[in-house]
**Student:** 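Dumping the structure here so I can ask a few things about it.
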Amino acid sequence: MSLFRYSGLTTKVRAMSGALLSKEDFDQISTFGNVPEVVAWLKKKPSYGKVLGNENENTMHRGQAEGRIKRSFYADFSKLYRFSNMEQRNFLDTYFRRYEITCLKNIVQAILSDSPTLADVSDYEEAFAKHSAFPLKKAASADSMETLVSVLSDTPYGDVLRKVAGSGSTTLFDYEFALDMFYFRDLWKRVRKELKKEDREAVLESVGVTIDTLNLQWIYRAKRYYGMKAADVYALIIPVHYRLNLEQVKRMAEAESTEEMLNFAKETRYGKYLQEMEKPNLERVGSMIQENVHRALMRQNPYSAACLEVYLYRKEQEVHRIITAMECVRYGLPAEKIREYLA
């Protein structure tokens, strides 16, 4: 049954995956001397030629280049959406909340900046018009958090932002963390409730590992950079336990030091990744874990919603790496250093 439902879509995903940039491509990007050279090179790539083809790389500023590159991601999302049946589109509709929240974070950041300016959402408009009921233009026009909360009153995000606004702790981190917490709790609930068994098991594997690795990262940061007590650390933990059980999370949150927290982390299912590193890098560990999980999912469950989730994750990571590489090139970093950032 899964083979019948996903054979065409899986073939489409494989074809699109073949257009993703390789390690050799990123090595090539790292050798360029300026951003226009990067953009000119990207124009020759299938995934970026359409969104960059009509632009003059020598007159584009950095923000425009990044925006056009992000458009390629939404273009790929739309391709998959058009190729999907109603059941698969329901999953993609749920997944799209990730991008609503990304856009909302940009709007909140613009409002909270010292000199608030309207957030530029032009690169999101086409995709949002097709796939979302989010009031994008009205939200981007808000000049205060009070106005933004009012604009979003008929969406789940209005309640999230309202609670933060009334909490007395209203930094950008507070708003972004509340939105992330809402997203992962909502995604976990929706996947468990709405997907069929084969799809549910495959996607929960990916989502569960993502939540686990984020909890590891947030506990580590709380200990290393802020010296938080256990009670404060618990407030930063997504209340979903996949391969990290409650007792393991409790031990790490209540650890007396960063070193003790890492020792407890090494005893978990993810410990082998930490043991392989001379210096702890939880972000890198998270990327390694997710890549291994996604590789296994595509091998073991190719005919499921996992093919959509894995491709979108990899495309999002590719766009992030391109923008990181462009920033490194703009600052004139040597190729070797750029490759380190992209590793």
Side-chain angles (χ1 to χ4, degrees), residues 16 19-21 25-26 29-30 32-81 92 95-113 115-143 148 151 157 172 175-176 179 183 311-331 333 338 341-342:
M16 292 172 66
L20 292 174
L21 300 186
D25 287 328
F26 280 103
I29 291 174
S30 70
F32 292 130
N34 55 55
V35 171
E37 288 184 15
V38 177
V39 175
W41 182 85
L42 286 171
K43 282 184 177 182
K44 301 174 184 178
K45 295 296 180 179
S47 296
Y48 301 98
K50 289 185 179 180
V51 295
L52 291 169
N54 295 326
E55 303 291 341
N56 184 336
E57 62 269 20
N58 294 306
T59 59
M60 291 179 72
H61 62 69
R62 178 175 57 87
Q64 287 178 315
E66 291 182 3
R68 298 304 180 273
I69 290 167
K70 289 177 181 177
R71 283 187 183 182
S72 74
F73 177 83
Y74 293 110
D76 281 7
F77 182 94
S78 293
K79 286 180 186 177
L80 293 174
Y81 199 91
L92 289 172
Y95 198 91
F96 198 84
R97 282 198 167 183
R98 181 183 186 92
Y99 315 123
E100 292 178 346
I101 287 178
T102 297
C103 184
L104 185 51
K105 287 180 180 180
N106 292 336
I107 294 171
V108 172
Q109 183 177 23
I111 291 173
L112 295 181
S113 63
S115 301
T117 56
L118 297 181
D120 182 4
V121 296
S122 58
D123 293 306
Y124 304 121
E125 286 180 350
E126 184 177 354
F128 273 62
K130 292 179 179 178
H131 304 295
S132 174
F134 185 84
L136 182 63
K137 289 186 177 180
K138 288 184 178 179
S141 299
D143 58 1
L148 182 61
V151 167
Y157 309 124
L172 178 61
Y175 284 108
E176 289 187 338
L179 289 168
Y183 170 72
Y311 178 81
L312 292 172
Y313 170 81
R314 288 177 173 169
K315 179 66 176 185
E316 187 175 356
Q317 292 300 303
E318 175 177 286
V319 167
H320 174 72
R321 293 178 76 204
I322 291 173
I323 292 173
T324 298
M326 288 174 59
E327 191 73 359
C328 291
V329 169
R330 186 168 77 95
Y331 282 103
L333 296 183
I338 295 175
Y341 279 112
L342 299 178

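Worth knowing before you read on, the calculation uses all heavy atoms, side chains too, and leaves out hydrogens, waters and symmetry mates.
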**Student:** Can you measure from CG (Leu312) to CG (Leu92) and round to the nearest 0.5 angstrom?
**Tutor:** 6.5 Å
**Student:** For Glu55, does the CD atom have more than 12 heavy-atom neighbours from other residues, nucleotides or ligands under 6.0 Å away?
**Tutor:** yes
**Student:** Do other residues, nucleotides or ligands put more than 12 heavy atoms under 6.0 Å from the NZ atom of Lys79?
**Tutor:** yes
**Student:** For the CE atom of Met16 and the OG atom of Ser47, what is their distance to the nearest 0.5 Å?
**Tutor:**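 So the CE of Met16 and the OG of Ser47 are separated by 7.5 Å.
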**Student:** Which residues pass the side chain to side chain contact (heavy atoms under 4.5 Å, CB included) test with Lys105, sequence neighbours left out?
**Tutor:** Ile101, Glu176, Leu179, Asp180
**Student:** Would you compute the distance between atom CG of Leu112 and atom CG of Leu148 and round it to the nearest 0.5 angstrom?
**Tutor:** 9.5 Å
**Student:** First locate atom CD of Glu316, then atom NZ of Lys70, and finally report the distance between them rounded to the nearest 0.5 Å.
**Tutor:**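 The distance works out to 10.5 Å.
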**Student:** Please work out which of the three classes, parallel, tilted or perpendicular, describes the rings of Phe32 and Trp41, given edges at 30° and 60°.
**Tutor:**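 Taking Phe32 first and then Trp41, their aromatic rings sit tilted (interplane angle of 30° to 60°).
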**Student:** Tell me every residue that passes ring-ring contact (aromatic ring centres under 6.0 Å, His included) with Phe26, counting only those two or more places apart in sequence or in another chain.
**Tutor:**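 By the ring-ring contact (aromatic ring centres under 6.0 Å, His included) rule, Phe26 matches no residue at all.
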**Student:** Considering all heavy atoms of both residues, which atom of Arg71 and which atom of Asp123 are nearest to each other, and what is their separation?
**Tutor:**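 The answer is NE-OD1, 2.7 Å.
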**Student:** Do Gln109 and Tyr175 have side-chain atoms, one donor and one acceptor, less than 3.5 Å apart?
**Tutor:** no
**Student:** If every non-hydrogen atom of Asn58 is compared with every non-hydrogen atom of Pro36, which pair is closest and at what distance?
**Tutor:**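 What the structure gives for the nearest pair is OD1-CB, 3.7 Å.
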**Student:** For the SG atom of Cys328 and the CD1 atom of Ile29, what is their distance to the nearest 0.5 Å?
**Tutor:** 11.0 Å
**Student:** Looking at Phe134, Tyr99, Tyr74, which hits ring-ring contact (aromatic ring centres under 6.0 Å, His included) with Tyr124?
**Tutor:**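 Result for ring-ring contact (aromatic ring centres under 6.0 Å, His included) with Tyr124: Tyr74.
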**Student:** Please step through side chain to side chain contact (heavy atoms under 4.5 Å, CB included) for the pair Tyr341 and Leu333, ending with a clear verdict.
**Tutor:** CA-CA 10 Å; Tyr341 279 112; Leu333 296 183; 3.7 Å; yes
**Student:** Could you go through Lys315 and Glu318, starting from their C-alpha distance and side-chain angles, then the distance that decides it, and tell me whether this counts as salt bridge (Lys or Arg N to Asp or Glu O under 4.0 Å)?
**Tutor:** CA-CA 5 Å; Lys315 179 66 176 185; Glu318 175 177 286; 3.6 Å; yes
**Student:** What's the shortest heavy-atom distance between Ile107 and Ala139, and which atoms?
**Tutor:**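 In terms of heavy atoms, the two residues are closest at CG2-O, 3.4 Å.
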**Student:** Before giving the answer on side chain to side chain contact (heavy atoms under 4.5 Å, CB included), spell out for Arg68 and Met60 the whole-Å C-alpha distance, their side-chain angles and the decisive distance to 0.1 Å.
**Tutor:** CA-CA 10 Å; Arg68 298 304 180 273; Met60 291 179 72; 3.9 Å; yes
**Student:** Roughly how far, to the nearest 0.5 Å, is the CG atom of Asp25 from the CG atom of Leu42?
**Tutor:** 9.0 Å
**Student:** Counting neighbours of CG on Asn54 that are heavy atoms of other residues, nucleotides or ligands and sit closer than 6.0 Å, is the number greater than 12?
**Tutor:** no
**Student:** How close do Val51 and Ser72 get, counting heavy atoms only, and between which atoms?
**Tutor:**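 That would be CG1-N, 3.9 Å.
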**Student:** Would a 4.5 Å heavy-atom cut-off, applied to side chains only, mark Tyr48 and Val319 as touching?
**Tutor:** yes
**Student:** Considering all heavy atoms of both residues, which atom of Cys103 and which atom of Val121 are nearest to each other, and what is their separation?
**Tutor:**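 Closest approach of Cys103 to Val121, heavy atoms only: SG-CG1, 3.8 Å.
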**Student:** How close do Val35 and Arg330 get, heavy atom to heavy atom, and via which atoms?
**Tutor:** CG2-CB, 3.9 Å
**Student:** What about the rings of Phe96 and Phe77, do their centers lie closer together than 6.0 Å?
**Tutor:** yes
**Student:** Side chain of Glu37, backbone of Gly33: donor and acceptor closer than 3.5 Å?
**Tutor:**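 Pair found, side chain donor or acceptor close to backbone of Gly33.
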